[in-house]
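First comes the structure, then the notes that go with it.
Both backbone and side-chain heavy atoms feed into the values below; hydrogens, waters and symmetry mates do not. Note that the structure is predicted; figures quoted are calculated from it, not measured.
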Amino acid sequence: MRKSIITGVGRYLPENVVTNLDLEKIMDTSDQWIRERTGIVERRFADLENGETTSYMGAQAAKKALEMAGLKATDIDFIIFATLSPDYFFPGAGCPLQVHLDIPGIGAMDIRNQCTGFVYALATADQFIKSGMYNHILVVGAEVHSSGLNLSTEGRDVAVLFGDGAGAVVVSAYEGNDGRGILTSHLHADGRFAKQLWVEAPGASFRPHITEEMLKNGKVYPYMNGRYVFKHAVTRFPEVIMEALKTAQVSIEDVDLVIPHQANQRITEAVQMRLGLPKEKVFSNIHKYGNTTAASIPIAMSEALEQGLIKEGNLICLAAFGSGFTWASSLIRW
C-alpha cells in the first residue's frame with residue numbers, strides 16, 4: 001500500500017536574537033515576567049531590509065530538507081506552504097518560494113490555519129501522496145511575526161510571545177511494509193471562537209482594506225484572550241492526541257515523542273501532565289524561539305532529529321492548537 005514518509009527535515013532561524021532584556025528597553029515588561037508566564041527567554045527577528053522574508057526563510061529551510069532527503073529541488077512535484085504572514089497580501093508565499101528554489105511550473109498551495117497550519121499541510125500532502133497524484137511534496141511552515149507586532153507597552157501581552165523562523169519537510173511516497181509512514185491525521189476547527197485570537201484588519205470586510213483609523217486603534221495588531229486560549233488549548237491538545245492514538249490502536253505509552261506546537265511553555269507542561277508523560281517525551285524549544293506559529297513544529301522536528309530524539313521506527317505525535325480556533329494531530333511511524 002502506498003504511504004507517505006518524511007524523508008527530509010530542515011530549519012532556518014534569523015541570526016538576529018531578541019532577548020527579554022532587549023524587550024525591557026522598549027516596553028514595560030521584565031525578563032522574569034516573560035519567563036514565568038511563557039517560558040520564553042529569547043526569539044529571532046528577521047532582517048527584512050536584507051531580504052529575509054517569509055518565502056526566503058522557507059526556501060532556506062527547504063534546501064536543508066531536500067539535502068537530507070537526497071533530492072534536488074526539481075524532484076519536487078508540489079509545494080504546500082503554511083503561513084499567516086506571506087510576503088504579500090497576495091499571492092501566497094508558495095509562489096515566491098518557487099523563485100527562490102528555481103522550480104517554476106509546479107503547483108503551489110498556501111494554507112492559512114495559523115498555529116495548526118503545518119499539521120493541516122502535512123495531512124494534505126499525505127492525501128496527495130496516497131492518492132498517487134504526487135511522489136515528493138515540499139511542506140513548509142514559515143513566519144515573519146516581528147513586522148506585525150505592537151512592540152510597545154500597549155501590545156506587550158502578545159508581542160513578547162512571537163518570533164520569526166521557518167521549518168520544512170519533504171514528504172515522499174513509500175511502499176515498504178515495515179509500518180513506517182503517516183499513520184493518521186485529525187483536523188478540527190470551531191469558528192465560534194475566532195475573535196478570541198485574531199488580527200481584525202486589514203481585510204476584505206472593510207472598504208478600503210486598511211485605513212489610518214485602523215492603525216490608530218490597533219486593529220492591525222494581534223489580539224489574544226490569553227486565559228480563554230489557555231483553557232481551550234489544554235483541553236484540545238490532549239483530546240486530539242488521544243484521538244490519533246485511538247485511531248491507530250496504540251496507547252500513550254507507545255509514543256516515543258510528542259512534538260506540540262510551541263505556543264507557551266505553561267501549555268506544554270499542562271498537556272504533559274494531563275497525558276501522564278515524562279518531561280523527556282514532550283519536546284520543547286520555545287525558550288529559544290518563542291511562538292513561531294506554522295514554523296514551530298517543523299523547527300522542533302529538525303532539532304529533535306539532531307538531538308537523537310527521533311529514530312527510525314519511533315512513534316511520533318505532532319499536535320497543535322491555535323487561532324480559529326483550530327486544532328490537529330498527526331501520528332507518524334518514523
Side-chain angles (χ1 to χ4, degrees), residues 13-50 52-54 57 83-85 114-115 142-166 193-203 210-234 260-271 284-296 299-300 321-325:
L13 283 308
E15 290 185 5
N16 181 26
V17 177
V18 178
T19 68
N20 294 342
L21 297 178
D22 292 326
L23 294 182
E24 285 183 0
K25 299 172 185 176
I26 59 174
M27 62 180 71
D28 184 11
T29 191
S30 70
D31 176 56
Q32 181 181 358
W33 189 92
I34 298 170
R35 286 180 188 239
E36 287 179 353
R37 288 162 178 78
T38 71
I40 299 168
V41 178
E42 60 187 39
R43 72 285 294 148
R44 307 291 181 94
F45 280 4
D47 183 358
L48 291 173
E49 288 72 21
N50 288 300
E52 209 167 38
T53 61
T54 300
M57 293 195 300
T83 184
L84 64 75
S85 52
Q114 292 62 254
C115 297
E143 304 286 4
V144 174
H145 286 301
S146 56
S147 60
L149 298 173
N150 182 356
L151 294 169
S152 70
T153 297
E154 184 182 26
R156 63 185 173 181
D157 289 353
V158 174
V160 301
L161 297 174
F162 293 96
D164 304 339
F193 306 108
K195 294 182 181 181
Q196 303 303 319
L197 177 53
W198 72 331
V199 176
E200 185 176 359
I210 188 166
T211 64
E212 186 176 346
E213 182 184 355
M214 291 175 190
L215 295 171
K216 287 181 178 178
N217 63 26
K219 286 187 176 183
V220 297
Y221 296 122
Y223 164 79
M224 179 174 67
N225 182 338
R227 291 185 178 180
Y228 206 81
V229 171
F230 184 93
K231 175 185 174 182
H232 281 257
V234 299
H261 161 57
Q262 305 294 300
N264 182 309
Q265 184 60 28
R266 305 301 159 244
I267 292 175
T268 298
E269 289 170 354
V271 171
S284 176
N285 62 2
I286 194 171
H287 59 289
K288 295 190 291 184
Y289 307 128
N291 182 340
T292 55
T293 306
S296 79
I299 290 172
F321 174 89
S323 174
F325 285 157

Original post:
For residues Thr292 and Glu143, is any side-chain donor paired with an opposing acceptor at under 3.5 Å?
Top reply: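 Not at all, the side chains of Thr292 and Glu143 share no donor-acceptor pair under 3.5 Å.
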With sequence neighbours excluded, residues passing side chain to side chain contact (heavy atoms under 4.5 Å, CB included) with [X]:
X: Glu213; value: Thr211, Asn217
X: Val234; value: Phe230, Ile267, Ala270, Arg274
X: Glu49; value: Asp47
X: Tyr221; value: Asn150

**OP:** Would you name the heavy atoms of Glu52 and Phe45 that are closest together and state the gap between them?
**Re:**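 Here Glu52 and Phe45 meet closest at OE1-O, 4.4 Å.
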Could you give the distance from [atom1] ([X]) to [atom2] ([Y]), rounded to the nearest 0.5 Å?
X: Asn20; Y: Lys25; atom1: CG; atom2: NZ; result: 12.0 Å
X: Ile34; Y: Glu36; atom1: CD1; atom2: CD; result: 11.0 Å
X: Asn291; Y: Thr38; atom1: CG; atom2: OG1; result: 10.0 Å
X: Met224; Y: Gln196; atom1: CE; atom2: CD; result: 11.0 Å
X: Arg43; Y: Leu13; atom1: CZ; atom2: CG; result: 13.0 Å
X: Phe321; Y: Cys115; atom1: CZ; atom2: SG; result: 9.0 Å

Subject >> Under the salt bridge (Lys or Arg N to Asp or Glu O under 4.0 Å) test, residues paired with Glu200 that sit two or more places apart >> reply: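 For Glu200, the residues satisfying salt bridge (Lys or Arg N to Asp or Glu O under 4.0 Å) (neighbours in sequence not counted) are Lys219.
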Subject >> Which residues share a salt bridge (Lys or Arg N to Asp or Glu O under 4.0 Å) with Glu24, sequence neighbours left out >> reply: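 If we apply the salt bridge (Lys or Arg N to Asp or Glu O under 4.0 Å) test to Glu24, skipping adjacent residues, there are no hits.
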Just jot down the side-chain hydrogen bond (donor to acceptor under 3.5 Å, both in side chains) partners of [X], sequence neighbours excluded, or say none.
X: Ser147; value: none
X: Ser296; value: His261
X: Glu15; value: none
X: Arg37; value: none

A side-chain contact here means heavy atoms from C-beta on lying under 4.5 Å apart; do [X] and [Y] qualify?
X: Val18; Y: Leu23; result: yes
X: Val160; Y: Ile40; result: no
X: Thr268; Y: Ile286; result: no

Original post:
What residues, two or more places apart in sequence or in another chain, satisfy ring pair (Phe, Tyr, Trp, His ring centres under 6.0 Å) together with Tyr289?
Top reply: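 For Tyr289 there are no ring pair (Phe, Tyr, Trp, His ring centres under 6.0 Å) partners, ignoring immediate neighbours.
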Subject >> Flag, side chain of Thr54 to backbone of Ala142, donor-acceptor distance under 3.5 Å >> reply: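 Here the side-chain-to-backbone pair does not exist.
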**OP:** Only pairs at least two apart or in different chains count here, so list each salt bridge (Lys or Arg N to Asp or Glu O under 4.0 Å) that has a residue in residues 149-166.
**Re:**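 Found Asp28-Arg156.
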Original post:
When the ring planes of Phe325 and Phe193 are compared, do they come out parallel, tilted or perpendicular, using 30° and 60° as the limits?
Top reply: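 Aromatic pair Phe325/Phe193 classed parallel.
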